[in-house]
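Take a look at the structure set out below.
Start at 1 and go down the list; that is how both ligands and their atoms are numbered.
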Amino acid sequence: MITIKTSREIELLRQAGKIVGDTHHFLEPYLKPGITTKELDLLAEDYIRKQNATPSFKGLYGFPGSVCISVNEEVVHGIPGNRKLKEGDIVSIDIGACYKGYHGDSAWSYPVGKVNSEKAYLLEHTEKALMEGLMVIHDGCRVGDIGYAVSKYAEAHNLGVVKELVGHGVGSSVHEEPDVPNYGKPHTGPILKAGMVIAVEPMLNLGTANVFILDDDWTIVTADDKPSAHFEHTVLVTEDGYEILTKR
Ligand code: MG
Ligand code: MG
């Protein structure tokens, strides 16, 4: 069932989303060559806890980190560890925070120092694909409209759309119904109503759309080792559009 949130729940989701956006803003200056992904994870966790919130992903399905940090060919679910960021990397940071029982979820991909033109292209157009997906949202739209908008934009820009992982509803659980795939047909799928909250999160690859999972059972990587980017916002569906809850 896709729940319609009460005004009290929406207020808590706004606060959780703000904490997630603020955590991104807080981390961004640290994304420099030489820092390890574990150091970033600790900084994020400390910041989230100082906002009286908890990291949503810590222990979720057994995930060992507080946030997911995926570098270059890593698509999502990178485990924070000893990997050091290098000049020219791109790093995707997926942050979830739970505030008074409600979650926010937002991923963003960042350049580390100066990146090559291919990576800059991937970042620019994955962010734009997210915005294309958001723009079709309003009371009465259907989940397939979002996926269609994202994949149409991605394909027009020759980017591979990862299909194994999808967006989702957000509420008192970080992953709720419905699934929100980054592909689909217009006018198909569940109908979205004002008061529903969903995360839209395109994962786009510079090369093949194919991915596989590493031996750590978490990290998803591209099959051809080319870079991948991930942009995600949690949004509230409104009568005439949407409200981004995880603004940075
Ligand atoms: Mg996320
Ligand atoms: Mg998500």
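Interatomic distance, CE of Met203 versus CG of Leu159, reported as 14.0 Å (0.5 Å rounding).
Checking His77 against Tyr61 by side-chain atom types alone, no donor-acceptor pair falls below 3.5 Å. Between the side chains of Tyr102 and Glu9, at least one donor N or O lies within less than 3.5 Å of an accepting N or O. For His157 and Tyr121, the side-chain atoms include no donor-acceptor pair closer than 3.5 Å.
Relative orientation of the Trp108 and His24 rings is perpendicular, given thresholds of 30° and 60° on the angle between their planes.
Legend: protein N/O/S atoms lying under 2.8 Å from the Mg ion (ligand 2), waters omitted, number 4.
Under the 4.0 Å criterion applied to side-chain N and carboxylate O atoms, Glu118 and Lys226 are not assigned as salt-bridge partners.
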